[in-house]
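Worksheet: the structure to be examined is printed underneath.
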There are 2 protein chains.
Amino acid sequence: MLRPLPATAWAVLGILSFDRELSGYQVKRWADASLTFFYWSPAISQVYGELKRLEELGFVEGRDVAEEQRTTRVYRITESGRTALTRWLEDAPVEPPVLKHSVLLRLWLGHLSTPDRLRQVAQRHREQTEEVLADLTSSERKAEQEPDWEFPAMVLRWGERYYRNELALTDELLRELDGFEDRG
Amino acid sequence: MLRPLPATAWAVLGILSFDRELSGYQVKRWADASLTFFYWSPAISQVYGELKRLEELGFVEGRDVAEEQRTTRVYRITESGRTALTRWLEDAPVEPPVLKHSVLLRLWLGHLSTPDRLRQVAQRHREQTEEVLADLTSSERKAEQEPDWEFPAMVLRWGERYYRNELALTDELLRELDGFEDRG
DNA sequence: CGTTGCATGTAAGGTGTTACATGATTAC
DNA sequence: GTAATCATGTAACACCTTACATGCAACG
């Protein structure tokens, strides 16, 4: 335990910090519905792996729940896990956000293509951003209904502003591309 | 070559597409000065690895340049590399940008801490963003001087707007945190 | 004379994905 | 009945970083 845990482990533990007993599968769905907007949603296989590690560290407790034909393993955060998570939140160095924007990577190489093709790429990105925004606002409506979800709601509002800005920036790029002569 | 190359390989090849013969070390410095704002800058060891792979694929050509006491290996993009890169740019599916914002991850878990501590995290993030903006504007000045760098310049302008918005969003978060009662 | 920059790489190991394997349940 | 969802995991492998090893050059 000398090595610090990756942020993904804290993210999984964080999902459990909202005081629900969840299966690995449910953790993944929560990640898809919230984390994905500002962090990213780990693969389901990684979720199982992180839960295993967190259990070995004593940060979560697993319990097999018998259903009719099968058993589901559900996890709950421990006091020790809550303490460790709080410590990470408050004390870990603030790493700058990681952005891997392959659309911009492509526009950066615009000299290899034509403004028309580049506009198609930007336009496709714009559509995908609209879709993310739609998912976000639907998540927001759910979060507003729950009590004690002030912070997730605050982060979702942040996300809405972030993705609206992404749309605006893309529109600005589309306008700039209009100004480039088609040399293809 | 059935498996598509990772975006990082295209990024390295892209740096070489500006028609300069560069050493691995120089590629890394270019990445730090431009890519890093909208994609991310790979570790120097990975740059060497990618250059090796690109050479095996025939997308770049390496050449040993003898200097006084040592030789430096410099790379140049090939016609085949330029074609492949253009094809990637135009034809590869538009993957959504990946954002891993650990600051937001922490605010999302605000119920574990106090508004005061959270403000410190947000404030630290704000300072780091200011630093990125300073680097960005200095890169912008350089890009404006070079001819045929319209697209890198366009992307840098995008970056300036992006990071200015990041500041604005952080300020908004700081304001919202002021509204939360200190329950710590 | 020690630190920083230039310069190149290998090795080890962690992070994370896709593919695979398995099986129950639910909806069309 | 068959497709999607619920549910759990393993194995293989790609991606990427840190640490290590090496050595020259320039600056103070």
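For clarity, every value in this text was computed on a predicted model and none was experimentally measured.
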Does the structure place the NZ or CZ of A:Arg106 under 6.0 Å from the centre of the six-membered ring of B:Trp10, at an angle of no more than 45° from the ring's axis? no

Using links of under 4.5 Å between side-chain heavy atoms of ILVMFWY residues, direct or through other members, which residues join B:Leu174 in one cluster? none

Give every residue pair that meets the salt bridge (Lys or Arg N to Asp or Glu O under 4.0 Å) criterion with at least one member in residues 128-140 of chain A, sequence neighbours excluded. A:Arg126-A:Glu130

Give the rounded distance in Å between these two atoms: NZ of B:Lys28 and P of C:dC6. 13 Å

Pair listing, salt bridge (Lys or Arg N to Asp or Glu O under 4.0 Å) test, anchored in residues 38-48 of chain A, at least two apart: none

Members sharing A:Val74's hydrophobic cluster (side chains within less than 4.5 Å): A:Val65

Rounded to whole Å, please give me the gap between CZ in B:Arg29 and C1' in C:dC6. 8 Å

For nucleotides 18-21 of chain D, which of its nitrogen or oxygen atoms have a protein nitrogen or oxygen under 3.5 Å away, and what is each distance?
{"unit_1": "D:dT18", "atom_1": "O4", "unit_2": "B:Ser45", "atom_2": "OG", "d": "3.0"}

Please list residues of residues 30-42 of chain A whose heavy atoms come under 4.0 Å from any atom in DNA chain D, ordered by number; otherwise none. none

Using five pairs at either end of the helix from C:dC1-D:dG28 to C:dC28-D:dG1, determine the angle between the two local helix axes and round it to 10 degrees. 40°

Mind running a 4.0 Å heavy-atom check of residues 8-25 of chain A against DNA chain D and sending the residues that fall below it, in number order? A:Ser23, A:Gly24, A:Tyr25

I need the full list of salt bridge (Lys or Arg N to Asp or Glu O under 4.0 Å) pairs touching residues 7-36 of chain B, with sequence neighbours left out, sorted by first then second residue. B:Asp19-B:Arg82, B:Arg20-B:Glu146, B:Glu21-B:Arg63, B:Glu21-B:Arg76, B:Lys28-B:Asp32

Please check if the side chain of A:Gln26 supplies one atom and the backbone of A:Ser23 the other of a donor-acceptor pair under 3.5 Å. yes

For A:Pro152, what residues pass the side chain to side chain contact (heavy atoms under 4.5 Å, CB included) criterion, not counting sequence neighbours? A:Phe18, A:Trp149, B:Trp108

Quick one, A:His101 and B:Leu99 - any side-chain contact, counting heavy atoms below 4.5 Å? no

Let me know the distance between CD of A:Glu50 and C1' of C:dT15, rounded to the nearest Å. 9 Å

Salt-bridge contact B:Arg124-B:Glu127 (side-chain N to carboxylate O under 4.0 Å): yes

Candidates D:dG23, C:dT10, D:dT10 - which lies nearest the side chain of B:Lys52: C:dT10

The nucleotide from D:dC6, C:dA7, D:dT8 with an atom nearest the side chain of B:Thr72 is C:dA7

Would you say a side-chain N or O of A:Tyr48 is under 4.0 Å from OP1 or OP2 of D:dT8? yes

Rounding to a whole Å, what distance do you find between B:Arg53:CZ and C:dG9:P? 16 Å

If you measure from OG1 on B:Thr137 to CZ on B:Arg157, what distance do you get to the nearest 0.5 Å? 14.0 Å

Would you say B:Tyr162 and A:Tyr162 are linked by a side-chain donor-acceptor pair, where the criterion is simply a distance under 3.5 Å? yes

Applying side chain to side chain contact (heavy atoms under 4.5 Å, CB included) to A:Glu56 and not counting sequence neighbours gives A:Lys52

Please name all residues satisfying side chain to side chain contact (heavy atoms under 4.5 Å, CB included) with B:Thr129, sequence neighbours left out, ordered by chain then number. B:His125, B:Tyr163, B:Glu166, B:Leu167

Spacing of B:Arg63 atom CZ relative to C:dT8 atom C1', expressed in whole Å: 17 Å

When you match B:Lys100 and B:Thr71 each to their closest nucleotide on DNA chain C, which lands nearer the 5' end? B:Thr71

C:dT15 P sits how many Å from A:Leu51 CG, rounded? 15 Å

